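For the numbers below, each heavy atom of this structure counts, side chains included, while hydrogens, waters and symmetry mates do not. In this text, all values refer to a predicted model and were calculated from it rather than measured experimentally.
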Amino acid sequence: MVNHKNTAFKSLMIVISMAVFCAPVIAATPSSPTFYQRAEIGYKNVLIRDLKQYQQSKNALERYTAYQAQGWLIFANYEQSQNHKTAAIKAFDNTQKLFDMLKQNKTATLNPSPFLPDSRPLVRPDLWAMLNALKHSGAISIAPREIALSEVALLWSQDNQRYPDQIGVQLRVVDRWLETAREAFVNAHDSADNVRLEELTNTYFKQYGL
């Protein structure tokens, strides 16, 4: 017997890790969708198309926002495929809010400062430490895609700690994204800045690991 839940989640991980965002829109719906479902698919495909345009912006904060929006859309589709309606609505609401900010040219009002979710314990204090050290150091301007997707995935994992196997896979993807962002930062800065990044990461980890 096919385990549809594991299959859907593995598909999600492949899609996210490759940053290919079209497949889950179709995969999350029945093979014979209703009129409403066809309209939903059409809307999401248009949304994906528009977000890709923002992802090519010269403004790093716009790219960061667009990748965050698309990351939440991925999780909305996954939660929908698992019939987790409340979680799907919450994730899609995040997508819509971010997309509206892009359309209204309000991304400058975003606060890219380091932060932590209210829920505890943190799923991976080391990853939160690295993410926030990179944000504090201005890495959004260098690796907006990796920072955005890592942040969304960490927040999703934080809310889904009841599924340790699932978030374990996701966190390994986050680890790779953050390492890519860290390497980009290192290559773009001098040794003094890189030392400060390392020190800041350690400082955050000591705070978060308690």
Side-chain angles (χ1 to χ4, degrees), residues 7-112 131 135 139-157 159-160 166 169-170 173-174 176-178 180-181 184:
T7 300
F9 187 76
K10 289 178 181 177
S11 298
L12 173 72
M13 292 302 98
I14 292 172
V15 170
I16 292 177
S17 63
M18 295 178 66
V20 178
F21 296 97
C22 295
V25 175
I26 306 303
T29 57
S31 57
S32 300
T34 65
F35 174 81
Y36 170 80
Q37 289 163 340
R38 288 196 299 271
E40 180 185 20
I41 292 170
Y43 175 74
K44 288 181 178 179
N45 282 333
V46 171
L47 185 58
I48 289 167
R49 181 200 65 195
D50 291 346
L51 286 173
K52 284 184 177 179
Q53 294 178 354
Y54 285 109
Q55 289 162 5
Q56 298 171 7
S57 169
K58 294 181 179 180
N59 185 306
L61 194 55
E62 284 190 356
R63 297 200 302 275
Y64 164 81
T65 305
Y67 277 115
Q68 275 204 327
Q70 202 146 17
W72 281 119
L73 181 57
I74 287 293
F75 286 119
N77 287 326
Y78 171 69
E79 296 289 9
Q80 182 179 0
S81 74
Q82 300 303 301
N83 203 30
H84 300 160
K85 294 181 180 179
T86 300
I89 291 171
K90 178 182 177 181
F92 186 72
D93 188 52
N94 289 338
T95 292
Q96 192 64 60
K97 287 178 180 177
L98 290 165
F99 182 58
D100 288 345
M101 293 188 75
L102 287 164
K103 290 194 300 181
Q104 297 166 17
N105 295 315
K106 291 183 177 180
T107 54
T109 65
L110 282 174
N111 184 1
L131 172 67
K135 290 180 69 177
I140 286 176
S141 64
I142 299 170
R145 172 181 174 274
E146 288 76 13
I147 299 295
L149 294 177
S150 295
E151 189 169 322
V152 170
L154 278 173
L155 286 167
W156 182 86
S157 299
D159 287 341
N160 289 275
Q166 295 179 0
V169 174
Q170 181 58 30
V173 176
V174 172
R176 293 197 293 272
W177 280 334
L178 289 178
T180 299

Spacing of Asn77 atom CG and Phe92 atom CZ [to the nearest 0.5 Å]: 8.5 Å
Nearest heavy atoms of Gly71 and Leu149, plus distance in Å: CA-CD2, 4.1 Å
From NZ (Lys106) to NZ (Lys97), nearest 0.5 Å: 13.0 Å
Distance-minimising heavy-atom pair for Trp177 and Ser150: CB-OG, 3.3 Å
Sub-4.5 Å side-chain heavy-atom contact between Val46 and Asp50: yes
Closest heavy-atom pair and its distance - Ala88, Gln80: CB-N, 3.7 Å
Aromatic ring pairing Tyr54/Phe99, orientation class (parallel under 30°, perpendicular over 60°, tilted between): perpendicular
Lys52 side chain reached by Gln55 side chain, heavy atoms, under 4.5 Å: yes
Side-chain heavy atoms of Tyr67 within contact of Val152, under 4.5 Å: no
Salt bridge (charged side-chain N to carboxylate O under 4.0 Å, His left out) partners for Lys90, two or more places apart: Asp159
Distance (rounded to the nearest 0.5 Å) between Asp100 CG and Thr65 OG1: 12.0 Å
Atom pair CD/CG of Gln53 and Leu102 - distance to nearest 0.5 Å: 11.0 Å
Polar side-chain atom of Asp93 near backbone of Ile89 as donor-acceptor pair, under 3.5 Å: no
Shortest non-hydrogen contact between Leu51 and Ala66, atoms and distance: O-CB, 3.8 Å
Rounded distance (nearest 0.5 Å) linking atom CD of Gln170 with atom OH of Tyr78: 10.5 Å
Thr95 side-chain N/O to Leu73 backbone N/O, donor-acceptor pair under 3.5 Å: yes
Where Glu79 and Asn160 come nearest, the two heavy atoms and their spacing: OE2-OD1, 3.7 Å
All side-chain hydrogen bond (donor to acceptor under 3.5 Å, both in side chains) counterparts of Ser141, not counting sequence neighbours: none
Rounded distance [0.5 Å steps], CD in Gln68 versus OG1 in Thr107: 11.5 Å
Non-hydrogen atoms of Ile140 and Ala60 that approach each other most closely: O-CB, 3.7 Å
